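Below is one structure, written out as structure tokens; the observations come after it.
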Amino acid sequence: MNENSLGYRIHIDFILLALIFVLCLCGLIILYSASGQNIDLVYNQATKLFIALLCMILVAQVPPANLNRLSLLLYFFGVILLLLVAIFGDVGKGAQRWLDLKILRFQPSELMKIAVPIIVSSYLSSRFLPPKFLRIVLSFVFIIVPVVLIAKQPDLGTALLVAIAGFSVIFIAGLSWRYLLSVSIISALSIPSLWHFMREYQKQRVLTFLDPEKDPLGAGYHIIQSKIAIGSGGFYGKGWLNGTQSHLEFLPERSTDFIFAVLCEEFGMFGVLVILSIYSLIIFRALYIAYNAQDAFRQLLAGGITLSFFVYIFVNIGMVTGQLPVVGIPLPLISYGGTSIVTLMAGFGILMSIHTNRKFLKR
Amino acid sequence: MDLFPKDKVEFILKDRDTESALIKKRIHLSGLLILLFVTILLSRIFSLTVLENDHYTTKSKENRQKILPIAPIRGLIYSRDGVVLAENKPTYSLEVIPEKISDIDLLIEELRGIIHIGEEDIERFKKLSGKKRRFERVPLRINLSENEVALFSINRHLFSSVDVVEGFIRHYPLGEELVHSIGYVARIDESDLRNISKLDKSSSYSATTHIGKLGVEESYESYLHGEVGYQKVEVNAEGRVIRVLERIAPQSGKNLYLTINLSLQRIASESLGGRRGAIVAVDPRDGNILAFVSSPTYDPNKFSSGISAESYNSLLSSKDKPLLNRVIQGKYPPGSTIKPFLGLVALDNGISNNEEEVWCPGWFTLQGHEHRYRDWKKEGHGHTSLDKAIVQSCDVFFYNLAYELGIDRIYAGLSKFGFGEVSGVDIYGESFGLLPSREWKRNNMQQVWFPGETVILGIGQGYALTTPIQLVKATSAIATNGLMVKPRLVLGINSPGEEGLTLMSNSTENKIDVKNSLFWDEIIDSMESVVHRAGGTAWRSGLNAEYFFAGKTGTAQIIGIDQEEEYKEEDIADELKDHALFIAFAPVKKPEIAVAIIVENGGGGSKVAAPIARKMFDNYFVNRDLTSRE
């Protein structure tokens with residue numbers, strides 16, 4: 001590869017782009033079946049993906065150094081928007097809609113999924129790593145403020161993702177094992193206080209996770225049905241459009257959070273292997289980019305984005321297979337849904353920018 | 001500029017490479033962790049899909065249990081004395097699951113053999129099935145008669161993909177009489193769905209088909225809707241329900257009781273007799289709305305059963321704008337009804353007092369200007385005090401008064417009465433009206449404020465626009481010596497079967513402070529004389545009344561008339577004629593009712609609007625006396 005190749009000039013990493021493209025295509029095929037062959041829904045998703053891809057290309061043009069410079073501004077802009085939502089959000093119906101671009105709706109909490117890893121990377125990389133105790137505490141403050149605001153909206157799923165994005169960066173920054181252990185203990189202890197922020201339905205979800213049979217009419221039903229869908233798929237699946245669980249309406253949230261169960265039912269273990277391979281290739285390409293990034297900020301940011309992308313996948317699949325409680329986290333780039341696609345693609349855009357803005361010494 | 005500058009000294013001392021090596025170690029570690037977790041996921045899925053495949057395949061085949069949501073029954077709406085205003089009528093509809101049909105046109109053709117299916121039914125079906133998932137039911141025919149239900153039941157074996165579904169349809173027995181206050185329900189559309197999911201109520205609405213669209217049906221949706229129920233059912237391989245295994249009953253919505261006084265409402269709408277206009281009456285003490293008329297009106301029942309595009313378009317394009325809720329959205333120049341409010345603002349600012357008199361020759365000019373601002377009375381009112389100026393509605397006095405007050409003090413004073421602000425009534429969609437100020441003009445017209453604009457504001461002309469609900473709220477404030485109370489349509493709620501009523505708390509916002517509380521009496525006295533003193537602009541309407549009331553007429557000009565021209569009613573096209581306005585409250589001593597009346601293009605306020613108020617008051621007090629005598 002060299003600095004003058006096409007990819008470097010237009011700041012696109014073709015390997016990553018190709019992998020994402022294949023994944024989106026698979027996603028649309030699954031969505032067509034999951035939505036009950038609603039072609040309008042598929043077109044709608046395709047449009048969203050297309051816009052998100054454009055967004056990715058746009059973000060890829062921003063040099064990483066600029067992100068570093070703008071980190072604080074971006075972060076506070078996001079926090080102020082979140083505060084506005086908190087203050088005015090409940091006034092009237094529809095007031096929480098911030099920027100309605102008809103096809104895509106902009107939520108400040110989505111911005112934070114990007115802004116938090118950027119600010120933490122920027123802050124931690126400004127001093128020598130590994131970070132000292134006080135700097136870790138301050139990074140936590142950067143993460144906790146938006147997380148609490150988002151959790152209060154209440155959007156527990158997104159709050160969790162923002163927290164994960166921030167912590168991923170701290171982990172990559174070389175947080176010592178001693179601290180890592182204490183962080184785990186602190187977060188374990190803070191679960192009761194998180195409980196306080198939860199709405200009734202969210203508490204119910206956690207309780208249901210602990211004992212799905214207890215609430216077979218409500219959320220427990222989701223998990224039971226989802227497991228049946230996955231388990232009945234077998235190795236090769238029942239075939240595209242032939243999933244009985246989804247088409248006879250046994251499986252809830254088929255096209256959004258539980259779309260992975262549709263994949264399992266119709267394409268079986270084989271389909272899962274294919275999709276997880278694509279995901280893994282994307283992740284390892286991204287880790288490669290992080291590994292070869294040219295300063296601490298870029299390394300941290302790239303690593304943080306990649307880790308949190310994996311956590312999304314893990315949490316969603318864990319939820320659908322009944323290993324984790326039901327939190328509303330979609331399967332990245334496959335679930336039907338608007339803003340989060342744009343955020344994900346923006347993250348990939350940052351990775352591409354990091355990779356294509358490297359400077360090589362002339363030999 | 002770097003926000004977090006690297007510590008230069010530290011950097012010289014330490015090596016960038018060790019830092020990079022540390023991060024690279026962590027990235028390696030992340031890769032290993034990810035591999036580990038992917039393996040965990042894969043082994044979990046492997047055990048589900050391959051090892052336990054037999055178990056789950058059996059379960060999937062036996063999976064005949066389905067959870068179906070049951071829609072709650074929407075709360076009813078009553079008048080304050082228990083007359084049903086919105087109810088749920090049982091109805092049968094013919095519903096189809098598009099996924100199961102290969103040729104819809106053929107099916108319709110076959111169904112037409114037994115049941116009438118019109119073009120509009122097909123139109124609606126096509127529209128709805130485009131929006132829904134292919135395995136969700138879509139109504140093909142609604143409002144089946146019992147006869148049709150029986151006919152279909154006999155032939156049901158021929159149509160495996162068609163069902164008769166029992167449901168409820170919202171019915172408004174009084175139809176168009178109350179649509180502007182009650183609103184209506186209509187099929188949930190995409191923007192409703194977005195709102196519902198934003199409020200985290202998606203599961204609560206999973207079986208609901210209709211939602212409140214306007215009026216209290218919309219604003220009290222959360223009370224009326226109720227909580228969804230569920231039933232666990234056994235289905236056959238085609239998905240048809242065989243039996244119910246378990247059931248959690250839905251919780252019906254709450255019933256609403258409106259503040260509307262039906263007999264007063266009827267008198268008011270009859271008095272308008274289909275002319276364009278609005279009438280709103282409130283109890284000034286608690287803001288309870290007694291009558292709420294916006295004319296012309298339309299039938300809400302058409303909307304709840306799904307209005308055809310044709311009827312909807314004809315409503316939309318009608319010149320009389322029946323869909324416009326004139327009470328809260330109609331914006332009218334207040335005309336002379338602004339005078340008592342301005343009088344009070346002037347008294348409070350020490351600009352005027354009842355001894356001071358102004359000479360009215362029939363016109364007013366600004367110093368150094370030629371333009372004559374004319375009085376409605378060509379020959380003038382002569383020596384005029386504030387009292388006489390209100391009673392006879394002298395324009396020149398108020399031109400002068402407005403000029404002396406100046407726009408800033410007028411703006412501040414009238415703001416206190418709620419002009420230019422929403423009244424806070426408990427339904428959505430209210431207009432702000434317009435109370436102009438220097439700032440408003442600068443922002444909206446990029447111009448400075450001209451003194452002449454202050455002058456005509458004195459008689460409620462120019463930029464100022466009010467809604468009838470603002471006018472009645474401000475009138476109530478005079479009646480109660482300054483109490484600003486939010487008007488409301490809902491008196492209270494209760495649950496079905498519950499005795500008694502949980503009253504909605506009434507919301508007094510604040511009290512308008514004036515320097516001397518006698519100012520209120522002065523203005524009220526003058527408003528009483530408008531009606532009860534010979535020569536008052538509404539004296540005919542006050543003749544032989546068994547109670548005392550106070551009011552103010554207004555005639556709002558829509559077109560400018562040239563300096564020398566004369567306004568001749570018969571020469572002017574209907575839609576350019578003046579609006580007739582009247583505000584009033586009664587009884588003067590202890591006010592129980594305040595009204596604002598606007599008859600669009602009706603002509604003079606004293607001739608057209610004031611008699612309506614008299615009729616309403618007569619009705620109100622006669623009925624009240626009858627009930628108290630019982």
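Throughout, a chain's letter reflects where its sequence line sits, starting with A, and its residues are numbered from 1. This structure is a prediction, so every number in the text was calculated from the model and none was measured.
- Closest approach of Pro250(B) to Gly229(B), counting heavy atoms only: CB-N, 3.4 Å.
- Of the two parts of Tyr236(A), neither the backbone nor the side chain holds a non-hydrogen atom closer than 4.5 Å to a non-hydrogen atom of chain B.
- When all heavy atoms are compared, the tightest approach of Leu124(A) to Arg135(A) is O-NH1, 4.0 Å.
- Using a 4.5 Å cut-off between heavy atoms, Asn292(A) makes no contact with chain B at all.
- Heavy atoms closer than 4.5 Å to chain B are found in both the backbone and the side chain of Ala290(A).
- With chain B as partner, the option from Leu273(A), Leu276(A), Leu175(A), Leu41(A) having the largest number of non-hydrogen pairs under 4.5 angstrom is Leu175(A).
- Residues Val38(B) and Ile34(B) meet the side-chain proximity criterion, which asks for heavy atoms closer than 4.5 Å.
- The minimum heavy-atom distance linking Gly231(A) with Asn53(B) is given by the pair O-ND2, 2.8 Å.
- Contact tally against chain A (heavy-atom pairs below 4.5 Å) for Leu48(B), Ile23(B), Leu35(B): the top residue is Ile23(B).
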Q: Report the C-alpha separation of Ser30(B) and Thr306(A) in whole Å, then their side-chain angles, then the decisive distance to 0.1 Å, and conclude whether the side-chain contact (heavy atoms from CB on, under 4.5 Å) test is met.
A: CA-CA 9 Å; Ser30(B) 308; Thr306(A) 311; over 6 Å; no

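- With a 4.5 angstrom heavy-atom cutoff, Ile283(A) touches chain B only via side-chain atoms.
- The candidate from Tyr291(A), Phe235(A), Phe171(A), Phe314(A) with the greatest count of non-hydrogen atom pairs under 4.5 Å with chain B is Tyr291(A).
- Residue His28(B) touches chain A through its side chain alone, counting heavy-atom pairs closer than 4.5 Å.
- At a 4.5 Å heavy-atom cutoff, Leu51(B) makes no contact with chain A through either its backbone or its side chain.
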Q | Verdict with reasoning, Ile228(A) to Gln225(A), per side-chain contact (heavy atoms from CB on, under 4.5 Å) | A | CA-CA 5 Å; Ile228(A) 297 177; Gln225(A) 292 298 338; 4.2 Å; yes

Q) Going through the distances and angles, do Val272(A) and Ile317(A) end up as a side-chain contact (heavy atoms from CB on, under 4.5 Å)? A) CA-CA 10 Å; Val272(A) 172; Ile317(A) 298 180; over 6 Å; no

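- Counting heavy-atom pairs closer than 4.5 Å to chain A, the top residue among Ile40(B), Leu41(B), Asp54(B) is Leu41(B).
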